Structures are given as C-alpha cells and as structure tokens.
Number of protein chains: 2
Amino acid sequence: MATMKDVAKLAGVSVATVSSTLSGRSFVSDELKQRVEAAIRELGYAPNAMASGLKRGTSSLIGLIVPDITNPFFTELVHCIQRRAAEAGFVVLLGVSDDQVAREVELIALMRSHQVAGTIVIPCGGEQDCMNLSRLAAGMPLVAADNAPPGMAVDTVVLDNRMAATLATSHLLSLGHRIIATIAGPPHRFVSHERFVGFTTVLEGKGLSVGADHVKRGDFHVASAREAGLALLQSAPRPTAIFVANNQMLIGTMQAVAEMRLSVPRDVSIIAIDDFPWAAAFTPTLTTVRQPIDALAEAAIERLKLRVGGLQEDPCRVVLAPELVIRQSCRAPLEDA
Amino acid sequence: MATMKDVAKLAGVSVATVSSTLSGRSFVSDELKQRVEAAIRELGYAPNAMASGLKRGTSSLIGLIVPDITNPFFTELVHCIQRRAAEAGFVVLLGVSDDQVAREVELIALMRSHQVAGTIVIPCGGEQDCMNLSRLAAGMPLVAADNAPPGMAVDTVVLDNRMAATLATSHLLSLGHRIIATIAGPPHRFVSHERFVGFTTVLEGKGLSVGADHVKRGDFHVASAREAGLALLQSAPRPTAIFVANNQMLIGTMQAVAEMRLSVPRDVSIIAIDDFPWAAAFTPTLTTVRQPIDALAEAAIERLKLRVGGLQEDPCRVVLAPELVIRQSCRAPLEDA
DNA sequence: CCCCCTTGACGAAACGTTTAGCTAAACGTT
DNA sequence: AACGTTTAGCTAAACGTTTCGTCAAGGGGG
C-alpha cells in the first residue's frame, strides 16, 4: 500500500501538502495540486482511514446495533439507515444483539473501541436496560430507535405506538367486531407495552372489555404466535378478530388459523403492526399498520449527524405517525357468529 | 477516553507492560498483571482499535459487500456471515452495492482504506466485472460468494446452480409436466446462466424443447417477474409449470397468477430457487430449492480466516449442494390440459 | 525604502498502540 | 568468583495521518 509519504516523494512535495490537497483544508496552488493528483493516480494511493481516524480521534464509521436482522422490519430499517448513512459519508459497522441485553452492552463497547463517530441502536431490552444503555454511551453520540422509552438520556426516534394500536383496533371496531383478541409482545419492552395500552384504551373507550383468555403474550417471533393463536382460536367465545403486535407474529397467527382449518377473513379477521414487503403477496393480502421506516431512518441519521457535529442540547424525541394499510385480512364478522 | 498511558501511570508500570498484559504476547508477573487489570477497571479503559490497527497494519474488521440486503436470501446470508464473523472475533463493515458494479468497485476501495482484514463480496455483475473485482482486491484477502464464476483469482463459495435447476426441473417432469416455462435471471450473471443451462439441459435430455415464448428474463426483482408471468400465462399453449430463478421473482410470478384469476397449483405449478422464511406461510405453501445458506457463510468465513492467516495457495472453489423442499405449489398437471 | 501582512509550502509533533531491542537482576554452572 | 543464560520489565521507535507553528517570498501601504 502506497502511503502519503510515497505520494509526496513522487510529487516532490511534503506530506503536509498532500494532506492539504486531499482535505482541501488549506490552500494549495493549482500546480502542486495537479502534481499531487497525478502521483496519487500513478500509485493508486488510498488514504489509510485508521491513521486518519487515530489522529483525528474519530472516524467516518457509525455503529448500528439491531436485535435481529432477519425480521423484515429491521431488515428494511437497516437498509434505509445504511443508505442514508452512505449518503452522509458514513460507513456502517453492523452489530447484532440477538435480543440479548448483555450482547448489546458488549456491542456498545465494541463500537466505542472502534472510534465510531456515533451509534444508532435499536434496544432489545426493557426500560431499565435502555436507561442503562444511555449511561454506557457517555461521550459517544448515540441515537436510540424503535424500542426506545422516553426519558433516555439520548436522542430517540420512535413510532407513535399507541396511535398504531389505535388505528388497528378502531379499524376492527368500525368493521363491527366486538370480540377482539390480541397477541401482544414481551411485556417489559416499551413497544409492546405501548401497543397493548393503545389496544385496551380504545376498547375501554367503547365500553368493551377484553377477557384474560383473549390476551396472549408472544416474544415477537413466529413460533410463539402460532401457539398463542391456537389457544385464542380454541377459546370461547372465539374472537372474531385478532390484533397482532408485530409482523413475525402475524405469520405465526396465520399458521395457527390454517392449522385450525379456519379461514381469514371469513372466520377471523387479522391485523398487525408492521407492514412488510410481501404482505400484498399473501392470500389473503394482509391488512397492517405501516411504520414510516425510511422516515425513522432519516430522523435517526439526522439526529446522529447533529450530535456528531457537536450539538449539545437536551435529548430530543422524534415521534412518527403510522399508517393503516387496508387489504383483505379484515372484514365484518359473520352475522351468525 | 482513558488511554494505555493512563492505565500504565495508575498501575505504576510502563505502557509496554500494559500492552503485554492485554495481548498475552509476553510474560508478565501475576502481581503486575493484577495491578494492570485493576487500573483498567478503575479507568474503564478500552483499547483504541484504530491505534492498534494502524500499528499492526490490519484490523479485526471484515468487509461484507452485498447487492441488496432486502432480498431474503441475502438477508439470511448476511445474518449467518455476521454471526460467524462475530464468533471468529471479526466485526462486519457493511456495504450495499445496490446492484451497481461501479458502487461495488467503490466499496472494495472503501474496505481497503479501512484496513479490513479481508472482505466477502457477493458480486452483482457479469463475468467480466467479477474478473475485474479479483484484480482490484490485490493484496486484500477476498472471498467471493454466490454469484462468483469460476476462474476468479480469489476463493469462491457458490451453490451448485446447475444441480439446483436440475432438481427443480426434474421434479416438475416427474410430476408429469411437459410444457414447462421459465423466468430466468439477467443473462450476464453467472448464477442466472447456470440455472438456465441446468434447466434446458434436463429438458433436452428428455427430448423436450422450450419454445422462445416460454423463456422470459427478469431482473431478480418482483416486478419483472410479474410481467414475465403475465406474458407466460397468456401464451399458447399455456405452460403447466413455471421454473422461477429466484425467490423475489417467485413472488412476482404468484402475483401474476392471482391477477389472471388462476390458481396454484391447480392451473399452474410453480417452483423457484431460494427457499425463504415464509415459503411455508403462503397459500399454497411454496415448493422451492433451498440453498445451504449457513454452510455458504461458514465456508466463506473459513476461507477468509485462512487467507487472513496468511495462506498462500491457488484460489479454491467451494461448491455446495442445494436441497429440494417439496410443498404445495407443484402437482401433476390437469389431465384435460 | 521599510515594515507588515498575506500566501503557499513545509517540518515536526502529536494521536494510542505494538514490538524490537535493551537493561538489570536473578540464577545456575564451572 | 566469574561467566553465561534466562527472565521481567522498560525505552523508544515506528505505523500513516493531521495540524500547528514556522518560514520565505511577494505585495501593498505608509
């Protein structure tokens, strides 16, 4: 690998001049500029990002910590964040916490040791874990997205989860459903809690109550929802609609329905939070509440850029609105039900 | 951020001793070791990966360049690679080429400038582009996976694409299909070509020929396959089965079938290469040819580790076998067809 | 004509590690 | 007792940048 010294020698200038040419931070005459550029081309020189990072005490890296990249919501979020990061000149250092808080903590340290300019984290833990996270960040710009409770000491970018649940639940009510069940997420997580509260609040507002039999908890993965779905569909009275807390559990729920030889939406209506690329390819096509994923990514990168730029002010919270996407998996309940 | 110097001062030793304690590369007495460790804890010291990387001329970073993270095959591959990389002590620097060869080339340079230990790339171009890639790698350990033609000057890890096509086509033949169409991938790509050759070879072996009307080219994305599917389903004679070259195009094909008010597998059988997490959640469940994704990831990381370790030998090619996953989207053609 | 300011380029000192080479002490051998 | 050998630890020189301070040359104002 050619270094700046080699370039300088070939161009007959000092390394300082080469550096100035590259960074444009101070004036270099056109003549030298051209000699330097020629030398760079000839040697195939590329700057050593580690040396530069070491000297400057920071880098063009940003950390991105996600719980699980195979969940299509996270896949899309990673995709959007990576694209916007690249546009902003950042390279993404990817960490997967695998839903383990301990791993998440390790990853924060890892990011720091790699001198990232900042980190975007999608926390996988409960409120307490999140508070802990913001403490660990100390010094490193951190933005928490998605599962980020208010009160964290860092910028947060989240969906309006209550509104998402409200949209879904109101939609079911407006179709005439009165016996509505839910498959909620892990109780300690912020997003689960909000979605569940949104759900119950709407029902209570209508004077409806949800029986304990009609509330199941999953872990946001497929299998747990299949089991929960089977239980719900065997309960009496059988719910005419199910509100599912995320996309993966939606799949599990559909499996349960199929196993019971029931049909969506004839026997039961299903709605979930998180749209996903193939929701329109299923039979029936799936009604969902869509998160504005790209807007989340944009806001996260935006906040990070500001913090990296040295902005010192109180943590800011960005809350974005969801959107109801009506497809075929919900319709009015059968009269005879 | 505390540095090694701070630790050394607090522990009353030299920085060299701290370094030795951390790396274990030379002997340090138990007493000093403990003093150093105590100081590290007290200061919350974490090594500066850039300084270490600069000095050692390499890092614990590996580059990973993929065309498109939202394609579930790539999602899963990234997931597996990232997991195995983490197990091997590497951190993944993620680059997305977005199917653009120029971007891919930039990313290789980017990885190099970040002093990665090595890079795994899933090339997005044709044979020539791939040859070019191996040249660009010069000096940096590179492993090409998936769309990697033989003859590249680097280690390659690929699916036996012809066998995959053979499994799929033979399955259709064994069910009794004789009018079989295909939606192939972009012609210049290695994987497309192999899959297409596998398909035609099997048919020709049976004395069957494929009409030009029954061969469509897509771009591996959903929309192109929808169009191709519509065209195929309107051709005469209508094919009784379609072999689709990848998972995203499978979705597009299913959409086309639905738009034509036809039904799978009654009116047409559909099979594709690339299994994906929800293939079993569709109605009907989808018959596919599964790539051994984790084995691909394992082999890629394994080769990379060897090369990073300094192995100098001729490029090696790992070819892995696919597996037919029979579900509901293929069955015998209707007699009256 | 002198002084001062600006401009363009350079030299050299960092940044936080790793590591080769060195020192001094401790030990075992004759 | 003199000598090598081993050991534990230290000193200092890199690694490839960035950047501060310096410097010479040139120009303009007094």
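For clarity, every value in this text was computed on a predicted model and none was experimentally measured. Order of the sequence lines fixes the chain letters, A, B, ..., with proteins taken first and strands second; residue numbering starts at 1 for each chain.
Atoms CZ (A:Arg35) and C1' (C:dA9) sit 11 Å apart, rounded to a whole Å. Atom CE in A:Met50 sits roughly 12 Å away from atom C1' in C:dG16 (whole-Å rounding). Taking atom OH of B:Tyr45 as the reference point, atom P of C:dG16 lies 10 Å away to the nearest angstrom. Across the protein-nucleic acid pair, B:Phe27 atom CZ and C:dT19 atom P stand 18 Å apart, rounded to whole Å. Atom NE2 in B:His114 sits about 13 Å away from atom P in D:dT17, given to the nearest Å. At whole-Å resolution of the value, CD1 in A:Ile40 and C1' in D:dT17 are 13 Å apart. In this entry the distance linking CD of A:Gln115 with P of D:dT17 reads 17 Å, nearest Å. Atom CE of B:Met4 is separated from atom C1' of C:dT19 by 11 Å (rounded to the nearest Å).
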Check: protein-nucleotides 19-24 of chain D nitrogen or oxygen pairs below 3.5 Å:
{"residue": "D:dT19", "atom": "OP2", "partner": "A:Arg25", "partner atom": "NE", "Å": "3.1"}

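Nearest-nucleotide positions on DNA chain D place B:Val13 closer to the 5' end than the other of B:Val13 and A:Met1.
B:Glu127 places no side-chain N or O within 3.5 Å of a backbone atom of B:Arg189 that could act as its donor or acceptor partner.
A:Asn48 and B:His114 are not linked by any side-chain donor-acceptor pair at a separation below 3.5 angstrom, with hydrogens and angles left out of the test. With no hydrogens or angles considered, no side-chain donor-acceptor pair links A:Arg103 and A:Ser97 at under 3.5 Å. For the residue pair A:Ser14/A:Thr17, the side-chain donor-acceptor check at 3.5 Å is satisfied. Remark: the A:His221 side chain and the A:Asp99 side chain contain an N/O donor-acceptor pair separated by less than 3.5 Å.
Of the nucleotides present, D:dC3 is the one that pairs with C:dG28 by Watson-Crick or G-U wobble criteria, both distances under 3.5 Å.
Considering only side-chain N and O atoms, A:Ser29 lies under 4.0 angstrom from the phosphate OP1 or OP2 of C:dA9. A close approach under 4.0 Å does occur between a side-chain nitrogen or oxygen of B:Ser14 and OP1 or OP2 of D:dC10.
Residues forming a salt bridge (Lys or Arg N to Asp or Glu O under 4.0 Å) with B:Glu37 (at least two apart in sequence, or on another chain): none.
Closest to the side chain of B:Leu54, out of C:dG16, C:dG8, D:dT17, is C:dG16.
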Counting only pairs under 3.5 Å, give me each side-chain donor-acceptor contact of residues 58-68 of chain A, with atom names and distances, residues two or more places apart or in other chains.
{"residue": "A:Ser59", "atom": "OG", "partner": "A:Leu61", "partner atom": "N", "Å": "3.1"}
{"residue": "A:Ser59", "atom": "OG", "partner": "A:Gln115", "partner atom": "O", "Å": "2.9"}
{"residue": "A:Asp68", "atom": "OD1", "partner": "A:Thr70", "partner atom": "N", "Å": "2.9"}
{"residue": "A:Asp68", "atom": "OD1", "partner": "A:Thr70", "partner atom": "OG1", "Å": "2.8"}
{"residue": "A:Asp68", "atom": "OD2", "partner": "A:Thr70", "partner atom": "OG1", "Å": "3.4"}

